Amino acid sequence: MSQVWLIGRPVAHSLSPAMHNAAFAKLGLPHRYEAKETADDQLAGTIDRLRRDDVLGANVTIPHKESVLRLLDEVDDEARRIGAVNTIVSRGARLIGYNTDKYGFEKALETQPRRAPWHVGFPFTQDAILILGAGGAARACALSLLEHGNNVDIANRDPARAEALARSIEVDGRHPEGVQWPRGRMFVDAVVNATPLGLNGEDVLEDAVLPMWVIDLVPTAEETPLVKRAKATDNVTVVDGLSMLLHQAARSFELWTGVPAPLEAMRAALPRSV
Ligand code: NDP
């Protein structure tokens with residue numbers, strides 16, 4: 001039996017073990033996915049233990065996605081551009097870092113049924129998109145949206161961090177722009193919540209009128225207030241964080257095992273349908 005670990009803090013309520021263990025069971029693979037609560041000062045030791053023969057690799061989550069890069073033997077190009085690793089593959093004693101969040105984000109948007117016929121295409125092109133948050137997830141989304149030719153704004157609680165993120169990302173000479181947190185009418189086509197706001201029942205956009213696409217990355221058992229409000233608003237297409245979670249997990253599964261992920265078995269292990 002081989003193991004795959006989830007390294008982060010907190011990880012107790014993660015939905016990833018249920019999804020990956022359902023996938024291993026579906027394919028009859030003798031592997032086990034286990035959450036390992038890991039404090040900052042335990043990170044280097046835990047990463048080193050991934051070099052054991054009976055470990056296939058790991059997922060890395062908050063708060064270690066960025067700090068883990070320096071502990072790996074190799075980091076794939078896309079993960080390096082994003083500046084964050086969420087998946088590690090152990091190849092013998094070598095540890096290779098990948099980022100599957102960007103793939104998960106794009107796949108969730110591509111596969112989401114549209115609520116209005118004019119919501120065509122994704123990953124959008126030449127649309128105006130506002131990202132809330134300036135952490136690792138915001139960075140993966142901003143890169144994807146810029147690569148697809150969109151105009152990207154970034155608003156963050158700490159505006160200096162939004163400005164720094166905007167300056168550090170560039171695609172064909174284009175950068176995102178740091179902007180104020182939105183209130184009232186937003187003059188954008190889509191908004192992406194890349195903060196944890198919503199986990200504890202708060203509406204991250206309580207003072208704003210919703211645009212035609214609402215993408216909430218927060219992956220929770222219960223729908224967030226933003227997702228609930230968007231679903232109750234005519235003609236708004238909503239992408240739920242659980243959908244991104246599913247697709248990033250499928251890609252990670254394929255990196256560890258080398259076989260196609262059983263997507264429906266993984267979807268069925270989620271607490272609600274997406
Ligand atoms: P980071 O810790 O790197 O960044 C968190 C961001 O959220 C920062 O911009 C921070 O602002 C902001 N933030 C945190 N708390 C608050 C608050 N109380 N009020 C306003 N802003 C706040 O996290 P990640 O970027 O990795 O993750 C962000 C979210 O995306 C999480 O909820 C995570 O679960 C989700 N996610 C979902 C995935 C999925 O598959 N569905 C994949 C990856 C992430 P500041 O800079 O001011 O501190």
Side-chain angles (χ1 to χ4, degrees), residues 6-16 18-20 35 40 59-69 79 82-87 98-109 111-112 130-144 153-166 168-169 176 178-183 191-208 214-227 238-253 266-267 270-272 274:
L6 171 62
I7 297 170
R9 187 179 194 180
V11 288
H13 299 291
S14 169
L15 301 169
S16 295
M19 261 190 307
H20 285 294
D40 290 350
N59 273 143
V60 181
T61 188
I62 292 177
H64 305 311
K65 283 185 185 181
E66 289 157 34
S67 49
V68 79
L69 263 80
I82 297 167
V85 159
N86 77 329
T87 303
Y98 297 87
N99 187 304
T100 69
D101 284 339
K102 180 164 167 278
Y103 170 88
F105 174 73
E106 292 175 355
K107 203 74 188 164
L109 266 71
T111 53
Q112 181 62 45
L130 172 64
I131 297 176
L132 306 173
R139 198 177 169 88
C141 297
L143 194 59
S144 166
D153 289 342
I154 298 175
N156 194 45
R157 173 176 63 180
D158 171 0
R161 209 172 157 207
E163 292 291 346
L165 173 59
S168 71
I169 297 185
V179 297
Q180 299 277 317
W181 197 270
R183 299 195 184 283
V191 66
V192 180
N193 177 29
T195 76
L197 289 175
L199 262 180
N200 298 316
E202 59 291 59
D203 185 338
V204 58
L205 278 173
E206 61 182 357
D207 299 326
V214 170
I215 302 141
D216 192 348
L217 304 195
V218 175
T220 45
E222 295 285 321
E223 284 178 347
T224 64
L226 174 63
V227 165
V238 188
V239 182
D240 189 303
L242 280 192
S243 178
M244 174 172 167
L245 188 76
L246 170 69
H247 292 291
Q248 63 77 29
R251 183 83 193 102
S252 299
F253 183 94
M266 296 173 86
R267 197 192 300 275
L270 289 170
R272 51 197 171 76
V274 283

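Along the sequence shown, residues carry numbers from 1. We count ligands from 1, going down the list as the structure has it; atoms in each ligand are counted the same way. These numbers come from a predicted model, not from an experiment.
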* **Taking every non-hydrogen atom, the tightest pair across Gly135 and Arg161** =>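 Shortest heavy-atom contact: CA-NH2, 3.6 Å.
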
* To do: Output the set of protein residues with a heavy-atom contact under 4.0 Å to ligand 1, ordered first by chain identifier and then by residue number.
  =>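 Near ligand 1, by chain and number: Ile62, Lys65, Asp101, Gly133, Ala134, Gly135, Gly136, Ala137, Asn156, Arg157, Asp158, Arg161, Ala194, Thr195, Pro196, Leu197, Leu217, Val218, Pro219, Gly241, Met244, Leu245, Gln248.
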
* To do: Pick out which of Val214, Leu132, Leu217 makes a side chain to side chain contact (heavy atoms under 4.5 Å, CB included) with Val192.
  =>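 For Val192, the side chain to side chain contact (heavy atoms under 4.5 Å, CB included) check succeeds only for Leu217.
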
* To do: Run through Asn86, Asn59, Val85 and flag the one making a side chain to side chain contact (heavy atoms under 4.5 Å, CB included) with Lys65.
  =>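 Of Asn86, Asn59, Val85, side chain to side chain contact (heavy atoms under 4.5 Å, CB included) with Lys65 is met by Asn86 alone.
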
* **Residue Glu202 excluded, over 12 heavy atoms near CD under 6.0 Å** =>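 Count over threshold, so yes.
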
* Kindly indicate whether the side chain of Ile131, heavy atoms from C-beta on, has any atom under 4.5 Å from the side chain of Pro176. =>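 No, too far: nothing below the 4.5 Å cut-off.
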
Extract all donor-acceptor atom pairs below 3.5 Å that involve side chains of residues 6-14 and protein atoms in other chains or at least two apart in sequence.
{"unit_1": "Ser14", "atom_1": "OG", "unit_2": "Ser16", "atom_2": "N", "d": "3.0"}

